Amino acid sequence: MRVWGRPAGGRRASPRVRFDHAVLGSAGIAIALIVLAFLALPIIALVTYQPLHALVHGFGARVATDAIIVSLKTNAIAFAVMVALGTPFAYILARRRFPGRSAVITLVEVPLVMPPAVAGLGLLVAFGRLGLLGHALDALGVDLAFTQAAVVMAILFVAGPFYLRGAIAAFSAVDPTLLDVAATLGAGPLRRMVRIAVPLAAGGLGAAAAVAFARGLGEFGATILFAGSFQGTTQTLPLAVYSLFDANLDQAVAIGVLLILLSAAVLLLTKVLGRSWPAAGSGFAPAIPRPGRAPR
Amino acid sequence: MLHLDIALARRAFELRVALRLGAETLTLVGRSGAGKTSLLRAIAGLEHPRAGTIALERELWLEAERGIDLEPERRRVGYLPQDYGLFPHLSVADNVRFAGRRERPDLLERLGIGQLARARPGELSGGERQRVALARALARDPRVLLLDEPFAALDAITRAEVRDELGALLDELGLPTLLVTHAFEDAAALGGRVGVLEAGRVLQVGRPEAIQRSPADAVVAALTGANVLSGQAVRSGAGARVRIRGGGELLSAVPAEGPVQIAVHPWTLVRAEAGEAGLSDTVTAVHRDGGRLVVRMTRLIVHLPVGSGAQAPAVEPGNVLTLRAAPEDVIVLPGGAAGGKR
């Protein structure tokens with residue numbers, strides 16, 4: 001009997017072919033094991049580094065709880081700002097055609113490839129006391145550097161573009177005809193965005209927000225340069241790991257495990273979102289498709 | 001009364017259309033790319049003509065010269081795009097409510113889709129989708145209806161059914177309605193006036209029968225489904241004898257002289273008796289469509305009664321048939337010289 005769809009099915013494989021298959025098969029398994037081990041071992045090592053009670057004790061230490069509070073607070077604010085400003089911005093960028101549009105999109109993507117430490121330096125020389133806007137901010141009585149606001153800005157600068165990029169892609173994938181029809185049905189721009197575009201792009205928006213949140217949670221380089229690492233004000237979880245690295249490795253590892261758990265939760269959330277909105281996919285760095293409808 | 005006179009730049013040509021539309025259905029027929037969708041979108045406010053005016057009664061929607069260009073949400077149009085544009089994430093009832101901002105069970109009932117109120121668009125058939133889209137457009141309380149290829153997404157049987165229903169509904173509504181389609185038969189079936197759109201221009205407007213009988217040119221004739229042939233005419237009695245390029249001849253009831261283009265509809269051609277003059281052509285394909293045979297030939301499309309297979313040679317691919325038409329059914333196209341105006 002011929003087995004369609006499996007070209008070799010009907011033919012008897014020669015011994016040579018069978019040998020090749022066996023070798024390739026075992027080589028494939030070996031490669032898979034090496035890759036998985038490489039990815040999993042550091043995580044296993046962190047979790048098993050100390051007995052469970054020591055780990056749980058580490059979670060409760062003052063330095064850890066301070067860092068948790070700083071991390072959650074700054075990330076929540078950054079997240080809210082990112083969604084509130086980023087969503088309409090991405091919608092406009094996805095819908096409107098204007099000169100310089102590609103330049104704007106490229107600008108949005110620059111922070112994605114900028115080393116975080118350079119981003120922190122940039123923020124410092126832009127908004128710091130001696131920076132570009134330093135005098136203006138000083139005159140207003142605002143001093144941003146080394147404050148919690150600086151942490152929020154660092155997270156926004158580094159993680160925000162992940163959301164923008166995903167949101168532009170998600171909005172670009174919405175059938176423009178539906179938004180046109182909504183307009184003819186009497187819906188103004190805001191109602192079109194809220195009632196049609198956002199629900200239809202929800203999967204992609206959710207995935208992009210989750211990726212950006214995970215990135216913000218792990219933010220280190222920009223924060224330490226622009227906001228410093230002061231326990232209770234600017235010391236986020238990653239900064240706490242770094243500052244405890246010399247002093248108390250057990251404690252550092254405990255916070256590391258905490259960050260892994262948080263990130264895993266976010267990853268799980270994107271998977272669940274991806275399942276309820278199939279259009280969302282995994283949402284990791286989706287490409288921005290070319291804009292527009294071909295005129296009929 | 002909708003009044004429009006616009007110029008809209010397209011990639012390949014400029015759409016220039018002037019129309020007046022009362023409480024009637026005007027069907028615009030044109031090939032794909034003729035500018036049909038662009039025209040509807042311009043009326044809806046989704047395209048921005050570089051010049052011209054659009055006005056509904058005394059309400060000015062567009063006056064390009066004065067920079068007046070009302071947003072789509074401020075023009076009261078019921079616009080059905082080609083795939084109906086239903087919102088996939090909203091139920092039928094919510095789709096309709098989107099337009100009027102309130103429940104409209106009356107509209108759902110009127111269009112026979114009351115039982116589908118909770119369904120999502122993805123669960124509906126093509127005909128049901130169209131009715132939902134119509135209900136939604138009507139919930140907007142439109143002053144003009146714009147329908148883009150409302151039958152394109154339907155299969156042949158549903159198409160005829162939906163066309164009759166829509167025709168009846170449009171009569172009942174009495175709204176100025178502009179419907180565009182690529183199929184002249186849709187226009188003929190819906191009644192009302194028909195316009196022929198080609199490369200952004202309206203070539204002819206009139207009753208479907210009138211356009212079919214006296215098409216303005218070869219393009220219009222071809223769109224009405226006619227075979228368009230070139231030939232050389234010689235006066236003969238009160239009419240003319242047309243020697244067709246590629247062989248054969250047909251008689252025309254109207255006088256003509258010199259190079260001409262003629263149009264003959266597939267249903268006016270019949271098989272010639274042995275020895276009778278006519279047009280010979282080779283059959284390439286035959287299929288049965290209801291009570292007739294649709295015969296494709298190298299130069300012609302012919303509809304023959306199913307019984308016409310009895311006469312030799314049989315109506316089969318490869319055989320050469322000789323056909324003729326009554327002189328009054330042979331239309332000599334205006335413009336004279338082969339190639340016509342374009």
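Each chain gets a letter, A, B and so on, in the order its sequence line appears, and its residues count up from 1. This is a predicted model, so every value here is computed, not measured.
- Proximity of a side-chain donor or acceptor of A:Arg101 to a complementary backbone N or O of A:Arg96 within less than 3.5 Å is detected.
- Using a 4.5 Å heavy-atom cut-off against chain B, the contacting residues of residues 188-198 of chain A are A:Gly188, A:Pro189, A:Arg191, A:Arg192, A:Arg195, A:Ile196.
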Take B:Glu123 and B:Arg118 through the test salt bridge (charged side-chain N to carboxylate O under 4.0 Å, His left out) and record every step on the way to the result. CA-CA 10 Å; B:Glu123 307 161 31; B:Arg118 297 279 130 237; over 6 Å; no
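- Within the 4.5 Å cutoff, side-chain heavy atoms of A:Phe89 are placed close to those of A:Val108.
- In this structure A:Phe220 satisfies the ring-ring contact (aromatic ring centres under 6.0 Å, His included) test together with A:Tyr242, sequence neighbours excluded.
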For the pair B:Ile43 and B:Arg75, evaluate side-chain contact (heavy atoms from CB on, under 4.5 Å) and give the outcome as yes or no after the intermediate values. CA-CA 9 Å; B:Ile43 299 172; B:Arg75 304 182 184 197; 5.5 Å; no
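- For B:Ala137, the part lying under 4.5 angstrom from a heavy atom of chain A is the backbone only.
- The stretch residues 86-96 of chain B places B:Leu86, B:Phe87, B:Pro88, B:His89, B:Leu90 near chain A, each with some heavy atom under 4.5 Å from a heavy atom of that chain.
- Classification of B:Asp148 and B:Arg41 as a salt-bridged pair fails, no side-chain N sitting under 4.0 Å from a carboxylate O.
- Between the side chain of B:Arg163 and the main chain of B:Phe151, no donor-acceptor pair closer than 3.5 Å is present.
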Might you work through the side-chain contact (heavy atoms from CB on, under 4.5 Å) test for B:Leu28 and B:Val17, ending with a clear yes or no? CA-CA 11 Å; B:Leu28 277 184; B:Val17 175; 5.6 Å; no
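- Applying the salt bridge (charged side-chain N to carboxylate O under 4.0 Å, His left out) rule to pairs touching residues 23-40 of chain B yields B:Glu24-B:Arg193, B:Arg31-B:Glu198, B:Lys36-B:Glu149, sequence neighbours excluded.
- A donor-acceptor pair is defined here as one N or O able to donate and one able to accept, closer than 3.5 Å; such a pair exists between the side chain of A:Thr74 and the backbone of A:Ser71.
- For B:Arg74, no part lies near chain A; criterion is any non-hydrogen pair under 4.5 Å.
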